[in-house]
Amino acid sequence: MDAAATLESLVNLKARTESPQGYSRTWVPAEKVAWATAFEGYAPATYTAPQVLENDRSVRPGGWADEADHVKAFARRGAPRSLTSRPIHLDALGRPLNPAGRTGLMGRGLLGKWGPNFAADPIVTRLNPHSGALEMLAIRRKDNGQWAIPGGMVDFGEDVSATLAREFEEETGVTLDMADATLVYLGYVDDPRNTDHAWIESTVKHKHLEPGIASKVEPVAGDDAAAVQWLPLTESNLATLHASHGEFVRRALAARQPLTR
Ligand code: RP5
């Protein structure tokens, strides 16, 4: 399987139809999502959340966001580059354009960086010791109440394999070596926070726990999670996972070897 195969074909379903607090999206019909398709009068609002502006790392030590001025940000850290190695196109003002097309909102919204914001998503599965059902250790997100892979954002300068293990531990309380996990996806995430100028790209890895290891796992929800549990990977659960997480799990399961109890 091509781990870098993109999910841009989802035409920003969640990035057009879900609006976190502060977002006021212009409606973009599916057939007008592609930048190559003319959309006369398309002039959505511009929004960058106050907490993003407060975390401008050029003025705040330890800040996690770019400067408000994208030209200054790129002068400091270089032009934005995608995990997929595909070129990132710029608009007339030099702002990076969402590779999946229009979202109905300009600016960075809740995302710190102009262009791609890198995340890491650890999919950890087991077979239920009683029912034999395949399950994933999942968290319920505090921001939208949806079940999700316990992933998170890559810190400045952090190695992505360190992010996978760190986020998994922060969200679930479980320490796990992710070095031998299998890469299942690399690229665009249809996240509700995406805008025309800022979006999430993730490195997704899968690790299946054998019964001896899985039985020792004692999950506890971290500060960022409302709840944590072994979630049965039924079609209905996959369909309601946060962002593109259902598709990530489908890809992980399609790539796996047959599992034994
Ligand atoms: C998702 O948001 C990514 O796939 C990742 O799971 C997550 C990162 O954002 P936070 O959990 O840090 O808010 O789209």
Side-chain angles (χ1 to χ4, degrees), residues 3-8 10 12-23 48-49 51-52 55 63-65 82-84 98-100 103 105 108-113 115-125 136-156 158 160-174 176 178 181 183-195 198-207 221-228 231 237-252:
T6 82
L7 294 178
E8 290 157 18
L10 293 177
N12 278 337
L13 186 62
K14 300 201 176 172
R16 286 180 299 127
T17 59
E18 295 185 24
S19 291
Q21 198 179 1
Y23 283 45
T48 299
Q51 58 267 47
V52 171
N55 273 285
W64 43 265
S82 168
L83 278 180
T84 64
N98 186 315
T103 66
L105 190 73
R108 285 174 290 163
L110 285 158
L111 298 175
K113 294 167 197 82
N117 288 252
F118 299 122
D121 284 300
I123 298 173
V124 174
T125 55
M136 172 180 82
L137 198 55
I139 55 137
R140 191 187 277 282
R141 293 180 62 91
K142 280 188 176 165
D143 56 358
N144 60 10
Q146 297 172 356
W147 287 99
I149 301 167
M153 306 307 293
V154 180
D155 290 339
F156 276 113
E158 186 180 36
V160 74
S161 49
T163 311
L164 284 162
R166 176 180 59 74
E167 283 292 338
F168 192 74
E169 183 164 2
E170 281 177 14
E171 308 253 13
T172 70
V174 178
L176 213 55
M178 292 296 292
L183 179 66
V184 294
Y185 180 76
L186 207 55
Y188 189 79
V189 184
D190 181 20
D191 189 280
R193 292 165 288 185
N194 291 350
T195 70
W199 60 92
I200 295 182
E201 295 190 7
S202 188
T203 300
V204 184
K205 290 196 174 187
H206 175 214
K207 179 171 176 129
D223 288 347
D224 285 352
V228 61
L231 188 76
N237 281 341
L238 292 187
T240 53
L241 288 183
H242 165 74
S244 307
H245 290 193
E247 182 57 25
F248 296 161
V249 174
R250 279 192 198 95
R251 288 178 181 225

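Excluded from the calculations below are hydrogen atoms, water molecules and symmetry mates; all remaining heavy atoms, backbone and side chain alike, are included. Start at 1 and go down the list; that is how both ligands and their atoms are numbered.
Remark: ligand 1 and Asp143 share no N or O pair separated by less than 3.5 Å (distance only, no angle test).
No cation-pi contact links Lys113 to Phe118, judged by a cut-off of 6.0 Å to the six-membered ring centre and 45° from its axis.
Ranked by closest heavy atom to atom 13 (O) of ligand 1, the top entry among Arg193, His242, Lys142, Met153 is Arg193.
Near Asp191, with a cut-off below 4.0 Å to any heavy atom, the atoms of ligand 1 are 1 (C), 2 (O), 14 (O). Which parts of ligand 1 touch Val189 is read off a 4.0 Å heavy-atom cut-off, strictly below it: atoms 4 (O), 14 (O). Applying the 4.0 Å criterion to heavy atoms of Asp121 picks out, from ligand 1, the atoms 3 (C), 4 (O), 5 (C), 6 (O). Of all the atoms in ligand 1, the ones that sit under 4.0 Å from a non-hydrogen atom of Gly151 are 6 (O), 11 (O). Every atom of ligand 1 is numbered from 1 in the order shown, and the set under 4.0 Å from a heavy atom of Gly152 is 8 (C), 12 (O).
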**Message:** Does Tyr23 form a side-chain contact (heavy atoms from CB on, under 4.5 Å) with Arg193? I'd like the steps, not just the answer.
**Reply:** CA-CA 9 Å; Tyr23 283 45; Arg193 292 165 288 185; 3.6 Å; yes

**Worked check of side chain to side chain donor-acceptor pair (under 3.5 Å) between Thr84 and Glu201** = CA-CA 9 Å; Thr84 64; Glu201 295 190 7; 5.3 Å; no

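With a 4.0 Å cut-off on non-hydrogen atoms, Glu167 does not touch ligand 1 at all.
Using a 4.5 Å heavy-atom threshold, the side chains of Thr103 and Trp199 count as separate. Contact annotation: the side chain of Gln146 approaches that of Glu18 to within less than 4.5 Å [non-hydrogen atoms, C-beta and beyond].
Judged purely by atom type and a 3.5 angstrom limit, Arg16 uses its side chain to pair as donor or acceptor with the backbone of Asn12. The main-chain N or O of Gly115 is found under 3.5 Å from a side-chain atom of Asn117 such that the two form a donor-acceptor pair.
Atom 11 (O) of ligand 1 has its closest protein heavy atom at Arg141 NH1, 2.8 Å.
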